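This chain uses plain numbering: 1 for the first residue, then up along the sequence. This one's a predicted model, so the numbers in the text were calculated from it and none came from an experiment.
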Amino acid sequence: MESLVIAGRTFNSRLIVGTGKYKDGPQTKAAIEASGAEMVTVAVRRVNLDRSSESLLDYIDPKRYFLLPNTAGCFTADEAIRAARLGREVGLSDWVKIEVIGDKPTLYPDIQATLEATRVLVKEGFTVLPYTSDDIVYAHRLIDAGAAAVMPLGAPIGSGLGLQNTANLRILRELITEVPLIVDAGVGTASDATLAMELGFDGVLMNTAIAEAHNPILMAEAMRHGVLAGRQAFLAGRMARRLYATASSPLQGISK
């Protein structure tokens with residue numbers, strides 16, 4: 001299986017996981033291990049960065065996992081830019097997942113503010129992975145601004161609804177080849193992750209689907225297999241759909 005490459009960095013796993021909503025640090029650590037993920041997102045505004053007391057970071061080994069700070073909880077471009085800078089200043093990373101929320105009930109992204117933050121941070125040397133809508137126009141604008149990947153939502157954050165607009169996602173996959181495409185948000189179970197990969201997406205980012213499962217550790221393992229199965233199916237190429245049946249065993253050569 002070929003590796004996922006983002007901004008020249010190679011990852012063997014195409015599953016990216018978050019760190020919120022788990023009951024405690026040990027469960028977080030166990031779920032991440034079970035997922036097989038190599039890239040782990042951490043909300044800059046929700047961790048104890050000075051390490052003066054126990055922190056989520058105590059359970060994530062930076063030698064084993066690649067930390068991707070994110071700007072969750074930001075509602076303006078300026079807030080997101082400040083959070084990204086803070087994450088870099090305290091030594092988390094010069095990579096950042098930009099997340100600028102435009103609507104509280106749906107947590108839909110403010111794509112204009114996301115674009116503004118991306119432009120600023122790319123100029124400052126950040127590797128920027130923006131969470132965005134499934135809008136092809138803004139996807140191209142983010143790429144033009146220097147985004148290292150485009151991460152459209154599959155459904156609202158934390159909803160678990162699965163991929164709600166596969167038509168738009170198919171358009172994105174067909175028209176965007178310059179950077180990786182990663183489904184970010186909305187996955188509820190392993191089949192959702194598999195579908196995203198079967199559509200040809202390069203990766204899937206999730207948090208709630210694992211953390212809020214009845215057994216997060218087992219669900220993390222299921223997501224690991226789901227992403228792998230979906231990628232393999234995409235590479236293998238599915239059979240053509242037919243309106244009528246075709247016999248599994250050919251009739252040619254059968255004596256009458």
Side-chain angles (χ1 to χ4, degrees), residues 1-73 80 82-99 121-122 124-131 147-149 151 179-180 182-184 187 193 197 202-211 213 215-228 231:
M1 185 65 62
E2 86 286 29
S3 300
L4 170 62
V5 179
I6 304 176
R9 188 179 184 100
T10 300
F11 301 92
N12 292 319
S13 173
R14 291 175 178 270
L15 174 59
I16 304 169
V17 296
T19 51
K21 301 184 178 182
Y22 291 97
K23 70 177 183 179
D24 53 30
Q27 186 184 71
T28 305
K29 179 180 179 181
I32 293 173
E33 290 177 351
S35 75
E38 295 170 86
M39 186 187 302
V40 178
T41 68
V42 178
V44 175
R45 302 182 68 176
R46 294 173 182 163
V47 297
N48 180 13
L49 295 175
D50 65 12
R51 311 298 292 274
S52 59
S53 59
E54 184 178 85
S55 168
L56 173 64
L57 298 177
D58 295 326
Y59 295 93
I60 305 172
D61 183 358
K63 295 180 180 179
R64 180 175 180 182
Y65 301 106
F66 182 80
L67 296 183
L68 176 65
N70 71 59
T71 63
R82 285 196 297 271
R85 289 169 177 166
L86 177 60
R88 181 163 68 177
E89 288 172 6
V90 299
L92 287 180
S93 180
D94 59 2
W95 284 45
V96 63
K97 174 195 166 184
I98 285 295
E99 185 177 312
L121 293 171
V122 167
E124 294 183 5
F126 282 88
T127 297
V128 181
L129 286 67
Y131 159 70
M151 304 202 297
V179 299
I182 299 169
V183 168
D184 179 8
V187 169
M197 300 305 294
D202 299 290
V204 181
L205 193 159
M206 66 183 71
N207 182 188
T208 308
I210 297 175
N215 185 331
I217 315 305
L218 188 58
M219 182 60 80
E221 187 174 353
M223 292 299 187
R224 177 180 187 169
H225 293 306
V227 168
L228 178 59
R231 183 63 180 177

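For the atom pair CE of M39 and NZ of K97, the computed distance is 11.5 Å after rounding to the nearest 0.5 Å. Rounding to the nearest 0.5 Å places CG of L92 at 6.0 Å from CG of L57. Note that CG of L218 is 11.0 Å distant from CD1 of I210, once rounded to the nearest 0.5 Å. Separation of atoms CZ (R85) and CD (E124) is listed at 4.0 Å; rounding is to 0.5 Å. Atom CG of L205 is separated from atom CZ of R14 by 14.5 Å, given to the nearest 0.5 angstrom. Residue E38 holds its CD atom at 9.5 Å from OG1 of T10, rounded to the nearest 0.5 Å.
Summarising the geometry of A213 relative to A209, their closest heavy-atom pair is CB-O, 3.7 Å, with the distance given to 0.1 Å. The two residues A148 and V179 make their nearest non-hydrogen contact at O-CB, 3.6 Å. Closest of all the heavy-atom pairs between A83 and V44 is O-CG1, 3.5 Å. Contact between V187 and A193 at its shortest, heavy atoms only, is CG1-N, 4.2 Å. When all heavy atoms of A211 and K21 are compared, the pair lying nearest together is CB-CB, 3.8 Å. The minimum heavy-atom distance linking A31 with Y22 is given by the pair CB-CE2, 3.5 Å.
Using a 4.5 Å heavy-atom threshold, the side chains of L129 and D184 count as separate. Contact of the I182 side chain with the Y131 side chain is not registered, since no non-hydrogen atoms from C-beta on lie closer than 4.5 Å.
The only member of D202, V204, V183 that meets side-chain contact (heavy atoms from CB on, under 4.5 Å) when paired with M197 is V204.
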Side-chain atoms of residues 64-71: list all donor-acceptor pairs with protein atoms under 3.5 Å, sequence neighbours left out, distances to 0.1 Å.
unit_1: R64; atom_1: NH1; unit_2: E33; atom_2: OE2; d: 3.4
unit_1: N70; atom_1: OD1; unit_2: A72; atom_2: N; d: 3.0
unit_1: T71; atom_1: OG1; unit_2: E99; atom_2: N; d: 2.7
unit_1: T71; atom_1: OG1; unit_2: E99; atom_2: O; d: 2.9

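Under the 3.5 Å distance criterion, the side-chain polar atoms of T19 are matched with a main-chain donor or acceptor of T41.
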